2 protein chains.
Amino acid sequence: MTEAEYLANYDPKAFKSQLLTVDAVLFTYHDQQLKVLLVQRSNHPFLGFWGLPGGFIDEHCDQSLEEAVLRKLQEKTAVVPPYIEQLCTLGNRHRDVRGWSVTVCYTALMSYQACQIRIDSVSDAKWWPLADVLQIPLAFDHLQLIKQARERLTQKALYSLVPGFALSEPFTLPELQHVHEVLLGKPIQGKSFRRRVEQADLLIDTGLKRTERGRPANLYRLKSDTASYRFLRNLEC
Amino acid sequence: MTEAEYLANYDPKAFKSQLLTVDAVLFTYHDQQLKVLLVQRSNHPFLGFWGLPGGFIDEHCDQSLEEAVLRKLQEKTAVVPPYIEQLCTLGNRHRDVRGWSVTVCYTALMSYQACQIRIDSVSDAKWWPLADVLQIPLAFDHLQLIKQARERLTQKALYSLVPGFALSEPFTLPELQHVHEVLLGKPIQGKSFRRRVEQADLLIDTGLKRTERGRPANLYRLKSDTASYRFLRNLEC
DNA sequence: TAAATAGTGTCTATTAGACATTATAGT
DNA sequence: ACTATAATGTCTAATAGACACTATTTA
């Protein structure tokens, strides 16, 4: 049989196939703490529960998995996050009562400001402080995905400046350090942090300064290659 | 509508769903080089081409994605690899002529010895030297997946002892070092490597020695926590 | 004894931690 | 001047690189 004959006879409905969704753990930093975007489900299963933004692929719109998850996020936040990364794919027989189900899950970061207006006007989407999320029941295995995303981001705080994508630009260096400290759950030596930032050469000094109690702090933006930069040595704290 | 009513009316065939496969990039180390397990396709599309071992989920057998990919590997090698890790999930409209398609791809490592007999008897499965694989046409986007798996393994050679899972136990320390050197494409200072191995405390000294030209080398096995151990500092070479 | 390979000793270079010190704002 | 916060100076500790040296085998 030639490939042409094979394709002419091919029936995509002939094989049983699995439920496939994309989801995103979208973090931001606001009020000195990490927050994660959750949406309240308007359909079964888990109707009324909070869960991760995400959903089914739309074969008409979506060229790829990443386009699909970005579309889902854009529907809730009206913007495309400056950082997104595949977290993991979770698939098994038990996670969805409808049957064998798979989610391709992403971790994303964005500033709180960038989408605050849209979030305020969408009653089913809300930034949840991470500590609170651990206390409420979530849809599916979304709690597990959030924990895993947070662990990975904590690791990145040790060897990259990726957490900076959770800030609104321009930001101060102490602000960036504090995001890292919140992720690590420990203080960082300011001198160590500054040395690394300087060596990495990932921040653009805007020349502006921000003052609020004390000496004014320089304001920076992230260079675009911050997403891929890795320090050779971890912070040890 | 209650959830029970929703599920009673739920038709899994009602929604268009995507082709979903699992694939694995299985590496080993033999004859001083990295090899990857490929299988020759016996079906359209890419009939006759070499590609990654993998395939569709079997909802009767497979409880999870990882079980599915392990089953596929076991069919070819007759053993379960001692190391497996999710690499990435690749999904888009163009990778398969049959339509929107998704693969959940894993990286795995195992010793060459452990499955040599089975491979020899299965005419459609073969260990390919990695250099050769880059020269031949592969099915789908499998070349891209192999490259990505190799890059990730190279990174792991800098901050872990994971590449050791590509060796047959017991192995010598110079053998382990050489796997790392092949991955990095550069020599490593023996002293640096030994210091790190000692500090990590991941090797079990069997008390045995192997001699072939020169001073006999101690023989080691990997502790089970080698898969998750990370050095704080990368090798710099 | 020579060659080959395994394994050690030791010095230097780099960089994180610790913490004292200086700088620049508001009150 | 005093307080608060930002930013720097500088010493110590840990560890990777470099490379000379010792150890144990076969031929």
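The shown structure was predicted, so the numbers you read here are calculated from the model rather than taken from an experiment.
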Below 3.5 Å between N/O atoms, which protein atoms pair up with nucleotides 9-12 of chain D? Just atom names and distances, please.
residue: D:dG9; atom: N7; partner: A:Lys191; partner atom: NZ; Å: 3.2

Each nucleotide N or O in nucleotides 20-23 of chain D that has a protein N or O under 3.5 Å away: list the pair and distance.
residue: D:dA23; atom: O4'; partner: B:Arg215; partner atom: NH1; Å: 3.2
residue: D:dA23; atom: N3; partner: B:Arg215; partner atom: NH1; Å: 3.3

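Residue B:Leu235 places its side chain closer to D:dA16 than to any other of D:dA16, D:dT25, D:dA6. Which of C:dG17, C:dA25, D:dG17 sits closest to the side chain of A:Pro216 comes down to C:dA25.
B:Leu90 CG to B:Ser101 OG: the interatomic distance, rounded to the nearest 0.5 Å, is 8.5 Å. Atom-to-atom distance recorded for A:Leu145:CG and A:Tyr106:OH is 13.0 Å, nearest 0.5 angstrom.
Residue A:Arg194 places no side-chain N or O under 4.0 Å from the OP1 or OP2 atom of D:dA6. Contact check, B:Asn218 against C:dG7: a side-chain N or O comes under 4.0 Å of OP1 or OP2.
Checking A:Gly214 against A:Ser192, the closest nucleotide of DNA chain C that is more toward the 5' end is the one next to A:Ser192.
For B:Arg233 and B:Tyr159, the positive end is not near the middle of the six-membered ring at less than 6.0 Å and at most 45° from its axis.
Side-chain contact check for B:Gln189 versus B:Cys237: every heavy-atom pair is 4.5 Å or farther apart. Taking the side chain as every heavy atom from C-beta outward, B:Arg152 and B:Glu85 approach each other to under 4.5 Å.
Side-chain atoms of A:Asn92 come within 3.5 Å of backbone atoms of A:His94 as a donor-acceptor pair (strictly under, hydrogens ignored).
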